[in-house]
2 protein chains.
Amino acid sequence: MSKRPKKSSAEQPTSGLPLGLNQIPLLKILSAQDRQQVLSEMTETRYGKGQYIFREGDPTEYFHIVKEGSVKCVKSSLDGKECTLKVLMPGDLFCCDASAFDGASHPGTAQPMGDVSVLRMKKEAYFKMLRRNPDAAMEVIRYLGSRLNEAQEKAKVLALDSADQRLASLLASLAERSGVREPSGIRLTVRLTRQDMANMVGVTTETAIRIMARFKKDRLVTGTAARLVIRDLPRLKLLAST
Amino acid sequence: MSKRPKKSSAEQPTSGLPLGLNQIPLLKILSAQDRQQVLSEMTETRYGKGQYIFREGDPTEYFHIVKEGSVKCVKSSLDGKECTLKVLMPGDLFCCDASAFDGASHPGTAQPMGDVSVLRMKKEAYFKMLRRNPDAAMEVIRYLGSRLNEAQEKAKVLALDSADQRLASLLASLAERSGVREPSGIRLTVRLTRQDMANMVGVTTETAIRIMARFKKDRLVTGTAARLVIRDLPRLKLLAST
DNA sequence: AATAAAACATGACAATTGTCATGTTTTTGA
DNA sequence: TCAAAAACATGACAATTGTCATGTTTTATT
């Protein structure tokens, strides 16, 4: 029990890199030299609760990578309703897309969920880097493609599934993307209120609360925001697709 | 009335190209030489009603470009419900995305809407082309980015808007993307049944019919599938965002 | 031109989800 | 640690949309 993993600097011979940076897919595929160059052009920024990384309508000036924590991408309608389109996790890229071309502005708001750290780089430098580096360009194409598939899958779920199924899908996918095993089940590492869930699946907060109460009664999940545990992932996935 | 536009071959000095090919953005940015090479690796195929270009689950082997006509991208759920995620038009790319990497399979079905013609190319050749040609890679990144934004906008609409608004959004965007001016309004060049509309906005056919009946009564639209005319685009757009 | 097959249409009713009101519990921050 | 603010919870009722049944009109096919 008292055995702790050591500080792993010994196993990281590519020292100059701040810890974790060489786990980011896009950086990993660069040559050591290119990576240095890119890192020298990137700055790290921390954000906390209540702040914005950028807001819908702001001009797009930077390309971003999530280094630590989670970031939510939100759009809102004129009458104040909001929806959360995506939770970005470490390694995820954002503003690697079209709004960065031509002088467009951000199509949505990027908001930290708790404390986060992001790397960013002027979009011009980002484009130059991609042109110099076919491997990086291919990686961005692969990444954007997978984001597109994911977004379309989400649209499908919103178009065809019931509120129950949508919420079950959400919990299942979060469990797989950001869950840690625990004796009682899979705990989500992202803090997620009922309100957050509601925004992610396009229902009202009340509906999300009622459905979660039902899931809890059926022993599929336990706990609330700070400590949300998936108790029966297989059954949740079944429910999502039934 | 009897005056017709001439066959425009005279205005197309880049002759060797089949008509229209040099209007496709991705091909346009290539050097004449690269374009020849790419075209030599592409084959053109025609499809008609009732056929499939590929189906959900088929292995992804080719990269595609729509040359003529419209193609719909469809996903279906286990219980037989379908949703149409996107209508591709000439110049649109498909399978330029993640499913082409690693041996993945198509996440959805591609179905012609009427007669279409598509160009296709082995995905290996496509990747090689992108690696050789940074301009092409950048164009694909730009394109995928805009597709991602569009898909997320669609998800937002599905999550937050009423059935009326979703339908109004659909008609407005189609009018802008594929409409031709006519004395009575903007006629859609894609043939679109009420059922098609229903699948595109995530409602039942009956609901789509009822809403369209209302739109017709309010003089926003006229006609059905074969000849669908938008009579009041501004008001339709207003309705979409109210 | 005749016939079959889609597409369009409408009503009655049911189910799902939203709205509003109100109250309790938990979390956060001074 | 205490107060304020979020988050969670629940009931009653309303609105939206789906379901099913049935019939007409339009479009496609031989």
Side-chain angles (χ1 to χ4, degrees), chain A residues 48-51 77 79-84 111-115 157-168 170-171 188 190-217 221-229 239 242, chain B residues 48-51 77 79-84 111-115 157-168 170-171 188 190-217 221-229 239 242:
Chain A
K49 213 169 67 163
Q51 295 185 297
S77 65
D79 51 329
K81 286 182 292 188
E82 284 195 346
C83 87
T84 299
Q111 223 177 324
M113 303 175 77
D115 290 339
V157 167
L158 286 167
L160 300 181
D161 293 354
S162 70
D164 282 40
Q165 291 176 306
R166 302 206 298 266
L167 203 43
L170 172 70
L171 295 172
L188 300 190
V190 282
R191 191 179 193 287
L192 213 62
T193 67
R194 308 292 196 240
Q195 161 117 252
D196 290 328
M197 298 178 212
N199 287 340
M200 291 185 197
V201 300
V203 297
T204 60
T205 306
E206 292 91 332
T207 297
I209 287 175
R210 283 185 244 260
I211 293 174
M212 287 300 285
R214 199 138 31 80
F215 284 180
K216 188 170 188 172
K217 185 166 65 68
V221 301
T222 20
T224 56
R227 186 178 172 70
L228 192 57
V229 178
L239 206 161
T242 303
Chain B
K49 213 170 66 165
Q51 293 185 297
S77 66
D79 51 328
K81 285 182 293 189
E82 285 196 345
C83 87
T84 299
Q111 223 176 323
M113 302 176 78
D115 289 340
V157 167
L158 286 168
L160 300 181
D161 293 354
S162 70
D164 282 40
Q165 291 176 304
R166 302 207 297 268
L167 232 140
L170 172 70
L171 294 173
L188 300 191
V190 281
R191 191 180 193 286
L192 213 61
T193 66
R194 308 290 195 242
Q195 161 118 249
D196 289 327
M197 298 178 212
N199 287 340
M200 291 185 197
V201 300
V203 298
T204 59
T205 305
E206 292 91 333
T207 296
I209 287 175
R210 282 184 245 259
I211 294 173
M212 286 300 285
R214 200 138 31 78
F215 284 0
K216 187 170 190 173
K217 184 166 66 68
V221 301
T222 20
T224 56
R227 185 179 173 70
L228 192 57
V229 178
L239 206 162
T242 305

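In this text, all values refer to a predicted model and were calculated from it rather than measured experimentally. Protein chains get the first letters and strands the later ones, always in sequence-line order, with residue 1 at the start of each.
- For a distance-only test at 3.5 Å, the side chain of B:R210 qualifies as a donor-acceptor partner of the base of C:dG11.
- At the heavy-atom level, B:K81 lies nowhere under 4.0 Å from the strands shown.
- Comparing B:T224 and A:A213 by the nucleotide of DNA chain D whose heavy atom lies nearest to each, the residue mapping closer to the 5' end is A:A213.
- Contact check, B:K216 against C:dC8: no side-chain N or O comes under 4.0 Å of OP1 or OP2.
- Regarding B:N199, its CG atom lies at a distance of 12 Å from the P atom of D:dG18, rounded to whole Å.
- Straight-line distance from the CD atom of B:Q195 to the P atom of D:dT25: 21 Å, rounded to whole Å.
- Proximity of a side-chain donor or acceptor of B:R166 to a complementary backbone N or O of B:G202 within less than 3.5 Å is detected.
- Spacing between atom CD1 of B:I209 and atom C1' of D:dT17 amounts to 14 Å, rounded to whole angstrom units.
- Counting non-hydrogen atoms under 4.0 angstrom, A:S162 reaches the backbone sugars and phosphates but no base.
- Remark: side-chain polar atoms of A:R194 are not paired, donor with acceptor, to backbone N or O of A:A208 under 3.5 angstrom.
- When each of A:A163 and A:R191 is assigned the nucleotide of DNA chain C with its nearest heavy atom, A:A163 is the one assigned upstream, toward the 5' end.
- The B:K49 side chain lies nearest to D:dA28 when the options are C:dC8, D:dA28, D:dA7.
- Taking side-chain N and O atoms only, B:T207 has a distance below 4.0 Å to OP1 or OP2 of D:dG18.
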Would A:T193 and A:D196 satisfy side chain to side chain contact (heavy atoms under 4.5 Å, CB included), going step by step from the backbone distance to the final call?
-> CA-CA 5 Å; A:T193 67; A:D196 290 328; 3.2 Å; yes
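- The closest side-chain heavy-atom distance from B:V203 to B:R210 is not below 4.5 Å.
- One can place CZ of B:F215 at 15 Å from P of C:dC8, the figure rounded to the nearest angstrom.
- Atoms CG (A:L192) and C1' (C:dT26) sit 17 Å apart, rounded to a whole Å.
- Nearest-nucleotide assignment on DNA chain C puts the 5′-proximal partner with A:D164, out of A:E206 and A:D164.
- Across the protein-nucleic acid pair, A:L228 atom CG and C:dT26 atom P stand 16 Å apart, rounded to whole Å.
- A side-chain contact (heavy atoms from CB on, under 4.5 Å) with B:V221 is found for one member of B:L167, B:V229, B:L171 and no other, namely B:L171.
- Distance A:D79 CG to C:dT19 P: 10 Å, rounded to the nearest Å.
- Distance B:R194 CZ to D:dT17 P: 18 Å, rounded to the nearest Å.
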